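This is a predicted model, so every value here is computed, not measured. Order of the sequence lines fixes the chain letters, A, B, ..., with proteins taken first and strands second; residue numbering starts at 1 for each chain. Only heavy atoms go into these numbers, but all of them, side chains included; no hydrogens, no water, no symmetry mates.
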Amino acid sequence: MALIDTINPLLTTGWSRGDAGWRLKDYEARGGYVQLKRVLASKMTQDELIAEVKKSALRGRGGAGFPTGLKWSFMPKAATEKYVVCNSDEGEPGTFKDRDLLRFDPHSTIEGMIIAAYAVGAKLGYNYIHGEIFEIYQRFEEALGEARAAGYLGDRILGSEFSFDLFAHHGWGAYICGEETGLLESIEGKKGQPRYKPPFPANFGLYGKPTTINNTETFAAIPFILGMGGEAYLNLGKANNGGTKLFSVSGHVNRPGNYEVPMGTPFAKLLEMAGGMRGGRKLKAVIPGGSSAPVLPGDVMMECSMDYDSIAKAGSMLGSGAVIVMDETVCMVKALERLSYFYFEESCGQCTPCREGSGWLYRVVHRIEHGQGRTEDLDLLDRVTDNMMGKTICALADAAAFPVRSFIKHFRSEFEYHIENKKCLVNPDVQRAGSGFFRASSTAGAA
Amino acid sequence: MNSQYNMLSQEALAKIDREVAKYPADQKQSAVMAALVIAQDEKGWLSQEAIAAVAGYLGMAPIAAYEVASFYNMYDLHPVGKYKLTVCTNLPCALSGGVHAADYVKEKLGIDFDETTPDGKFTLKEGECMGACGDAPVMLVNNKRMCGFMFPEEIDKLLAECK
Amino acid sequence: MIEIEIDGKALQVAEGSTIIEAAHQLGTYIPHFCYHKKLSIAANCRMCLVQVEKAPKPMPACATPVTNGMKVFTHSEQAVKAQKAVMEFLLINHPLDCPICDQGGECQLQDLAVGYGESASKYQEEKRVVPDKDLGPLVSTDLTRCINCTRCVRFTAEIAGFMELGQSFRGERAEIMPFIGKTVDTELSGNIIDLCPVGALTSKPFRFSARTWELSRRKSVSPHDGLGSNLIVQTKHDRVMRVLPLENEDLNECWLTDKERFSYQGLNSAERLTKPMVKQGGVWQEVGWNVALDYAAHALRDVAKTHGGAAIGGLLSPHATLEEMYLVQKLLRGLGSENIDFRLRHSDFSADGKRRGTPWLGMKIADIGGLDRVLVVGSFLRKDHPLIAQRLRQSAKRGAQISILHSADDDLLIKLTVRAIAAPSQLPARLAEVVKAVAELKGRPVDPALATVGAGDTAKQIAASLVSGSKTAILLGNFAQQHPQAATLTALAQELSGLLGGSFGFLGEAANSVGGHAARAVPGTTGLNAAAMLKEARQAYVVLGAEPELDCADGALALAALTQAAAVVVLSPFKSQAMLDYAAVLLPVSPFSETSGSFVNTEGRVQGFHAAVKPLGETRPAWKVLRVLANLLEVAGFQFNSSEDVRAEALGGQPEFVSGLDNGIDGGALTLAASANGLERVADVPIHFADALVRRAPALQQASDSAAPAARMNAATLAKLGLVAGERARVDAGGTAKVTLRRSLMPVCPMAWCVSRQPMPIRSRWVRCSPF
Ligand SMILES: Cc1cc2nc3c(=O)[nH]c(=O)nc-3n(C[C@H](O)[C@H](O)[C@H](O)COP(=O)(O)O)c2cc1C
Ligand code: SF4
Ligand code: FES
């Protein structure tokens, strides 16, 4: 799915030609690698570079929204063996922007990583690519080949003193590898079980060496930031929320897809760009930042603008920018059951509260959904989520707990109805119609 | 090459060598994920012997390779059909028909998740988010080919293509 | 130093400490499962969550480093709530059937559940069941009880050196397993039983034989290798039921080798000799002690009278106690014999008379960790000294450079700097090369005997490693001590350590390798050593605790010598067919568990112990038996009231360490024998074959380390001899053995040789292998 619409395109400038515009020559024709050349030719210092990124107020696009310039500045200057790692493990349900970035414009990420490596003094880098998108991995490998042949990667890049090489590492199906230290373990050839922090990757990262790890979109933004200057980038968005952001809109909209809009764009505008609600139905709920973010009722969401601060104020998180839109045909219990299954399935298994708690949550929600709920179950879910949150090595346990708590908080009556009446509040036929699966063909009614 | 690894072909070992070359010289183990994929591609699935061969080739304890092979979803520790179809049923996909697409395939093939058709042609798996929710319903063929917008007609076409 | 406060108590702790370490310093207990002081930090169980001032969430005490001014609350409401939450999660899938669990009574989960668990769980789903795995004859699994703390996994990877266990699958399906079809096979694997905080991993030999509260506990000392591991011997109704480590940071730390842990099974062997026996007219009879002792005294007196005292030889097991050895030598010397020896496996005694003192490790065991350069010479290190190998494994991880010069390329599971493999006959020459290379690097003159030696690349690498360090040691292993040119190897090691300004020493072969010297259980200047008294066969022998046909360097020769003797008096806890053939009297004496005594370990530490159980049947402690025997023989000076009295006389008091420890030899010739080029045999003493007790421990005899002997040789040798790997062959080495041929996987194999894993005489190093 190529981009369908945008305001102020930066990251998506190259997407308009779909699969025909990703090659090096196309990227160069759009002004690609000019920033890398400028950095190298002008012998920009690491501090100058990091200062520029700080000015842009770029916040990590992987989910946590940590200021990127600040993160880079944590890298110890003295160390000799350092790494930069790109997180393209995009597995958060609802998120599909990194895939399209690598598909339509892989070189912007490559250029961003080279510049980042220059800024932090790394000689080697890896891009960890989500397991299910093999074709994208192949394309990225091809793009790396192009960049290497053109002298953008390798020894003494473009005749400068700076050397850096970059490789792709392909995942193979584990959501937890999106967590940065699980990802590092995975590159090291182990199970992707997250590490306890501290020490943080900036001190103890890949192979125990200082490592900077950022999301694909974060790296891809770097050439554009240098191109227009940090301040101009910041001004595209709003204070503390610089630049534009890709939003992956999925679910009950007419045109699901990626939309690049300035930070602070009203949700209503985004929804309108995505073609509005499918079949003109009523907006019921939105998960604004990927499945790990708390769900918000539709009317609350309509008042929000798409930036970290506004969404946080409404009680959720901007996360990775995955906007999951649900209309009135959705049974919230069934929706939650599926998400709870996901976290149960994807828990890495090391921390007790997550290993044991994620299964417990799923089983209770499953029971409610299947008409075997008990009146005390909602309190039980509250207690189990409370016992899980903040007690594990990584945030997956919290991610499993947030949906449960927020679904119950905002749609409690639906859960109670389920427990009392042993069935959905939303009529099953209505639910079935909601997906639109059967509209395409009349022969397909059997299932 | 050492006879210990002769369960993998020369081509497979050469591919593994290329993966090993991506990492620092003392970090061969980093190539284990790729090496297991290469072995799975060649053998169809990861037998105990195949995992041991990969471990031996990379100089790691066999159980360390097994940990990896059993941790990541897309490794097959049991034989699968010629075509492994993985359907994403996660919420974003489900909102646009992911579960219905899976049900449709189940009925067409007469099998449930984690089953293989009697002729050994198809295995059906339930998948987690594939990072393509905008293209829902999404389906993965043999781990490497992603198909989007899989409505009934598209599914019919795909199944017919799989010879 | 950092100032912190735990539960309102201020203390100072070292920078880099974790909260749990700091709490430990204060004596404050923080509940935990995955944390173990000797393992890497996993922080996965989450049981140790505590409250830290200003931290928004509870922090794991095992993984959180202390910072200046930190205030920790281990029992605050937030902390206790978190701990209770974790306990509930741990219990939801754990069977609550403690009464039928083998861990019952010594289960950390059970203990903590009492303090932190709720009375009723809200979990009403079905509990998970995890299929059990076959881990071999030593460790039993009940994996449904596993709490996934991964201590066992980390132990195998980090301490034992090879990852034999893993945590496979993920999430709730995670389970502990070996690689499919594999068992736990390292010589340290039994430690995972102690490490497992629940009943998921238990002792297979001990399984369901007793409940912990029925057991009495006695401290003891391991009778096996030279380390002197401290033991807790657990007994029930005067039977040893189980052996556990007694923590001693200077020796075994908190570990035990499998040999030490499971050899107790041999104490209850059907081959225990429980009644005195005499052979009359070729027929064995069980008799009373008086009769047997009279008979023994008679026989010895007769020989001494007719042929002189020197016609008697004493063969002593190096696993016997100091007191026993002291009394035997005193008795024999009283009878006029100087033929006494406990160094049964040695073959070169030319250093005798040149030694400055008792050969020993040359340092404290605890100091091994401080060495930064080590050269191990002639050692099956991992099997002969598993816990010293473990110490060196950790040193190597910390950056120490460990190299080995040996004749077999066994995998030590240690990151080695240089691995030099040479045929046995070449070891002295190779070591001489290292001496030469070090002398050159140091610009120092070498002994004229080494003038013609030219150092090869490998020797130069070892030398470069050694001279780059500041604390070096050369450690001579069992193979070097038993080598036909042991004295030359010693002289070279002495020369080398002199050049380096470091130390050199011997890795003690047995529990009393140092104690034997301290007890004077070695021949006097006129006496015959262990090899000589077999070659020049005696009229009578006194055998203490040994089975010479298995424990001597040349078993066949020993058997011949004993068989021809007029009188063989055996003091032993066990009987065997061989013994019944050659002995005249069998006196049942106590194994270590049934007597008091002491072992002097390889660092010279004297460790006394008491009986853990009463002697079995009519068995008596050997020191008492010898006292009576001496009285019957009218040898004076045996008025001992206790084994402590004996020790006091032997050591001139009750020292903590024996005196006279000195590895130096004076006038040791650095002669290098001409190289031989035949097929050379390298035989180890298999770990579970090394002494009479372990040979009779059934579970250990089923372990992979007790696999049937096999000859290993490289492909070229096989081809030259017309042999086929995997087939049976006859190995003729002064005694014929049928073995299975295994092609060696040894990558470094400079010349053809053959390794057979069974005790055959070292003397005949030249072997013939032929198809069988
Ligand atoms: C369970 C979990 C899953 C995550 N998945 C992803 C992911 O798929 N992609 C990603 O970029 N970050 C993911 N993150 C966040 C990363 O840990 C990390 O914060 C991010 O890669 C940093 O990059 P940024 O600063 O550019 O956002 C995940 C975090 C958690 C706890
Ligand atoms: S078997 Fe025991 S030691 Fe191993 S992970 Fe399970 S509970 Fe921990
Ligand atoms: S002891 Fe700290 S997390 Fe297990």
Is there a side-chain contact between C:L49 and A:K391, using heavy atoms and a 4.5 Å cut-off? yes
Verify the neighbour count for atom NZ of C:K127: are there more than 12 heavy atoms of other residues, nucleotides or ligands below 6.0 Å? yes
Is C:P56 in contact with chain A via its backbone, its side chain, both, or neither, using a 4.5 Å heavy-atom distance? neither
Can you sort out the partners of A:E92 under salt bridge (Lys or Arg N to Asp or Glu O under 4.0 Å), two or more places apart, ordered by chain and number? none
Approximate separation, where rounding is to 0.5 Å, of C:N44 CG and A:C354 SG: 12.0 Å
Does a side chain donor of either A:R374 or C:Q124 reach within less than 3.5 Å of an acceptor in the other side chain? yes
Smallest separation among heavy atoms of A:P353 and C:F89, with atom names: CA-CD1, 3.6 Å
Is chain A contacted by the side chain of C:I41, its backbone, both, or neither, given a heavy-atom distance below 4.5 Å? neither
Can you tell me if A:K422 has over 12 outside heavy atoms packed within less than 6.0 Å of its NZ? yes
Looking at C:A174, C:G166, C:P65, C:A43, which has the largest count of heavy-atom pairs under 4.5 Å with chain A? C:A43
Working to the nearest 0.5 angstrom, can you tell me the gap between A:Q350 CD and C:C45 SG? 11.5 Å
Report, as yes or no, whether the 6.0 Å neighbourhood of atom NZ on A:K197 holds more than 12 heavy atoms from other residues, nucleotides or ligands. yes
State, with a plain yes or no, whether a side-chain heavy atom of A:R367 is found less than 4.5 Å away from one of C:E125. yes
I need the minimum non-hydrogen distance between C:K81 and A:D386, along with the two atoms involved. NZ-OD2, 2.8 Å
Counting only heavy atoms not in C:K38 (residues, nucleotides, ligands), do more than 12 fall under 6.0 Å from its NZ? yes
Do you know which of A:R383, A:R195, A:E376 has the most heavy-atom pairs with chain C at a distance under 4.5 angstrom? A:R383
Where does A:M389 contact chain C at under 4.5 Å (heavy atoms): side chain, backbone, both or neither? neither
Is the count of non-hydrogen atoms from other residues, nucleotides or ligands lying under 6.0 Å from C:Q12 atom CD greater than 12? yes
OG1 (A:T352) and CG (C:N148) are apart, to the nearest 0.5 Å, by 8.0 Å
Is any side-chain heavy atom of A:E356 closer than 4.5 Å to a side-chain heavy atom of C:L90? no
With respect to chain A, which residue among C:P60, C:S168, C:C34 yields the maximal number of heavy-atom pairs within a distance under 4.5 Å? C:P60
So if I take each residue of residues 180-187 of chain A and look for any heavy atom under 4.5 Å from a heavy atom in chain C, which residues do I end up with? none
Chain A heavy atoms under 4.5 Å from C:M47: which part of the residue, side chain, backbone, both or neither? neither
Side chain proximity check, C:N93 to A:R355, heavy atoms < 4.5 angstrom: no
A:K190, NZ: over 12 other non-hydrogen atoms inside 6.0 angstrom: yes
Ionic contact status for A:E345 with C:R173, cut-off 4.0 Å: yes
With side chain to side chain contact (heavy atoms under 4.5 Å, CB included) as the criterion, how do A:E346 and C:R170 come out once you've worked through the C-alpha distance, each side chain's angles and the decisive distance to 0.1 Å? CA-CA 8 Å; A:E346 298 292 344; C:R170 70 184 191 211; 2.9 Å; yes
Are C:K57 and A:D398 close enough for a salt bridge, meaning some N to O gap below 4.0 Å? no
Kindly give the heavy-atom pair with the smallest separation between A:K191 and C:Q167, and that separation in Å. NZ-O, 2.8 Å
Let me see the working for C:E172 and A:Y362 under side chain to side chain contact (heavy atoms under 4.5 Å, CB included), right down to the final yes or no. CA-CA 12 Å; C:E172 206 189 77; A:Y362 165 66; over 6 Å; no
Honestly, the part of A:I393 sitting under 4.5 Å from a heavy atom of chain C is both
Would you say A:Y196 and C:T64 make side-chain contact, with heavy atoms under 4.5 Å? yes
